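What you see is a predicted model, and the numbers here were worked out from it, not measured in a lab. Lettering of chains follows the sequences in order, A, B, ..., and the numbering in each one begins at 1.
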2 protein chains.
Amino acid sequence: MPAINEGRMGLNSDGEKGDSRRGRETGTLGKLMALVDHVALADGPMRFTDILSLSDQPRGTLHRQLSHLVEEGLLEVDRDGRYLIGIRLLNLASRSWARNEFRAVAEPHLRHLQELTGETVHLGVLRGSEVIYLDKVEGRQSVRMYSQIGNASPAYCTGVGKAALSALDDLDLAGRIAALEFRPYTQHTHRNAARLLADIVEIRVRGYAFDREEHESGICCVAAPIRADDGGMLAGVSVTGPAYRVTSQKLQQWAPLVVAAADSIMTDMRNRLGPKR
Amino acid sequence: MPAINEGRMGLNSDGEKGDSRRGRETGTLGKLMALVDHVALADGPMRFTDILSLSDQPRGTLHRQLSHLVEEGLLEVDRDGRYLIGIRLLNLASRSWARNEFRAVAEPHLRHLQELTGETVHLGVLRGSEVIYLDKVEGRQSVRMYSQIGNASPAYCTGVGKAALSALDDLDLAGRIAALEFRPYTQHTHRNAARLLADIVEIRVRGYAFDREEHESGICCVAAPIRADDGGMLAGVSVTGPAYRVTSQKLQQWAPLVVAAADSIMTDMRNRLGPKR
DNA sequence: ATCTGTAGTTCCATTATTTGGAATGAAATT
DNA sequence: AATTTCATTCCAAATAATGGAACTACAGAT
């Protein structure tokens, strides 16, 4: 089965602004991180002038900002003076991943779910109106494992994303949906808020979500929401596979397993965090 | 300690080429990233007061700084108000990794090297006096796949690190070594600059480096340097395995293969970058 | 209930950093 | 050689960060 990632990376993170524009300004940091985003979202290395045209800042200002980012290792310059994302980010991220408690708690359950179903299992957290994949367990180890982890996908057309959205209260949900731009990745992608909301209502009743080729043709999944105790964090777990193998019956059959895995993760989180402190 | 640089010390502490110096002139960003580092390096979530005791800043200042970092997603707060590394970093890092040209060019060669030797192959880049692992190809291991990617290890006691150091000119090398703190990870770890320098001289002559349980007991490797065209970036490739399986003979036997892989990667980089623009 | 200590948050005049227009370099292109 | 494009440096003015202190919240002890 072809990986669910690689070629699409440039596209899927493009359209939507991952998090609704907060009224708050973070001053200097916000401006700098916006630059990092520009460089991260670009298809390749960017020249000074490329960035200048995207950011509405004067030359002198931009130049110093980029210099600072490079000095801190958040960006790098290649020998042609073009800007790239720096590897310091990789280092920071690997730490954040290795020490992420939620991920560590979930891992055995993901593995178990993978063994039960034989298909790929994903763990993703909701961030704004995107899902960021925190972990992935595949059957036969294919190589491009890391490529999926850390990837962002739109919440409205992925199983994990819709499952997580379904756990939001109406107000919050409405806010995030308002920030969406519905982009037709496949013939089955929801085209508007009404269709998405109808789907989410069903998901709330059922307790689990389906994605039948909504994000990528030929890829289906069933997913269940994971609610954090404090409600601050929402996540989801899913079983994903190619449509020719993962039939509707299979999805139905796996749904209780996925829900059970999600519940186990929630329970473990509560148990681990409760007595700890 | 035999002075390779006694008289140069004054010079290279001033030299601004290597970024090993923490002479931060990045203003606000530098202070903020130092906080991110503190949180990233901690063993677990940190309370406000914990960070306060590490950073020498007033309460009010620190509070606002942390707020900004959280708002930008570089940090997160858990339900107890403790600070963690944010997943936005994971997302940025996955992009930097997926689009890293060097990694992409090297990958097939790493895979080939893995097949030839049957052991684990690493690709790492030198950053200051640390090595950050960019990629890893394992034989059949199922679990710890990306635990290594993005990790930083000291350059002076890893194969990849020593190989990369050996490609530096004397001045730069002296500067980075001056910044080192020799920590005895194992019985075989170099304890001082003299021993390390002697090793590096040998590596320069041979063209490849050994690590015989210098960083981790029971783990050996052979590594070769990868010099970037512009000299700005240095990297290394290595074959690593457990000492009981990876004997000295094996290391010797693999050395030419590792060097050949490194050379192929260099060639490919030149060919890809040259005509491209 | 009150006191006391610890942890976290907010406020605002002062201070230091960032800003941005314009001038200067440095390369390509004509 | 002249022109255009791109990148870098400078410095007065604008703005954002600073830090001391006052304030809230909560826990445990008296």
Expressed in angstrom and rounded to an integer, what is the separation of [X] atom [atom1] from [N] atom [atom2]?
X: B:Leu52; N: C:dA7; atom1: CG; atom2: C1'; result: 10 Å
X: B:Leu32; N: C:dT17; atom1: CG; atom2: C1'; result: 13 Å
X: A:Lys31; N: C:dT17; atom1: NZ; atom2: P; result: 15 Å
X: B:Asp80; N: C:dA7; atom1: CG; atom2: C1'; result: 13 Å
X: A:Arg82; N: C:dA27; atom1: CZ; atom2: P; result: 17 Å
X: A:Leu66; N: C:dG20; atom1: CG; atom2: C1'; result: 15 Å
X: B:Leu29; N: C:dT17; atom1: CG; atom2: P; result: 14 Å
X: A:Gln57; N: C:dA22; atom1: CD; atom2: C1'; result: 18 Å

Quick one: salt bridge (charged side-chain N to carboxylate O under 4.0 Å, His left out) partners of A:Asp172, sequence neighbours excluded?
->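 If we apply the salt bridge (charged side-chain N to carboxylate O under 4.0 Å, His left out) test to A:Asp172, skipping adjacent residues, the hits are A:Arg176.
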Does A:Arg204 have any salt bridge (charged side-chain N to carboxylate O under 4.0 Å, His left out) partners at least two apart in sequence or in another chain, and if so, which?
->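 Only A:Asp170 meet the salt bridge (charged side-chain N to carboxylate O under 4.0 Å, His left out) criterion with A:Arg204.
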Write out all pairs satisfying salt bridge (charged side-chain N to carboxylate O under 4.0 Å, His left out) with one or both partners inside residues 40-61 of chain B, taking only residues at least two apart or from two chains.
->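 Salt bridge (charged side-chain N to carboxylate O under 4.0 Å, His left out) check on residues 40-61 of chain B returns B:Arg47-B:Asp50.
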Along DNA chain D (nearest heavy atom to each residue), the more 5'-positioned of A:Asp50 and A:Thr28 |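 The residue mapped nearer the 5' terminus is A:Asp50.
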For A:Gly81 and B:His68, take the nucleotide of DNA chain D holding the closest heavy atom to each; which residue's nucleotide lies nearer the 5' end?
->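 The residue mapped nearer the 5' terminus is A:Gly81.
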Considering just the side-chain nitrogens and oxygens of B:Thr49, establish if one lies under 4.0 Å of OP1 or OP2 belonging to C:dG8.
->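 Yes, within the criterion.
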All side chain to side chain contact (heavy atoms under 4.5 Å, CB included) counterparts of [X], not counting sequence neighbours:
X: A:Gln65; result: A:Lys31, A:Leu32, A:Leu35, A:Gln57, A:Thr61, A:Leu62
X: B:Val125; result: A:Ile87, B:Phe102, B:Ile132, B:Leu134, B:Met233, B:Ala235
X: A:Val105; result: A:Glu101, A:Asp268, A:Met269, A:Arg272
X: A:Ala193; result: A:Ile177, A:Phe182

Please list, in 5' to 3' order, the outermost nucleotides of DNA chain D lying under 4.0 Å from any heavy atom of chain A.
->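 Range of nucleotides within reach of chain A: D:dC6 to D:dA17.
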Rounding to 10 degrees, work out the angle separating the end axes of the helix from C:dA1-D:dT30 to C:dT30-D:dA1 (five pairs an end).
->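 Roughly 30° between the end axes, to the nearest 10°.
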Non-neighbouring partners of B:Arg183 that pass side-chain hydrogen bond (donor to acceptor under 3.5 Å, both in side chains), sequence neighbours left out |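 Result, side-chain hydrogen bond (donor to acceptor under 3.5 Å, both in side chains) vs B:Arg183: none returned.
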Does the side-chain hydrogen bond (donor to acceptor under 3.5 Å, both in side chains) test come out yes or no for B:Thr26 and A:Glu72, once each step is laid out?
-> CA-CA 7 Å; B:Thr26 49; A:Glu72 285 298 325; 2.8 Å; yes
Please list, for nucleotides 9-14 of chain C, all pairs of protein and nucleotide N/O atoms separated by less than 3.5 Å.
residue	atom	partner	partner atom	Å
C:dT9	OP2	B:His63	NE2	2.9
C:dT9	O5'	B:His63	NE2	3.1

Under 3.5 Å donor-acceptor, B:Asp80 side chain and B:Arg82 backbone =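 Answer holds: no.
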Applying ring pair (Phe, Tyr, Trp, His ring centres under 6.0 Å), which residue pairs with at least one partner in residues 39-67 of chain A are found, sequence neighbours left out?
->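 For residues 39-67 of chain A: A:Phe48-A:His63.
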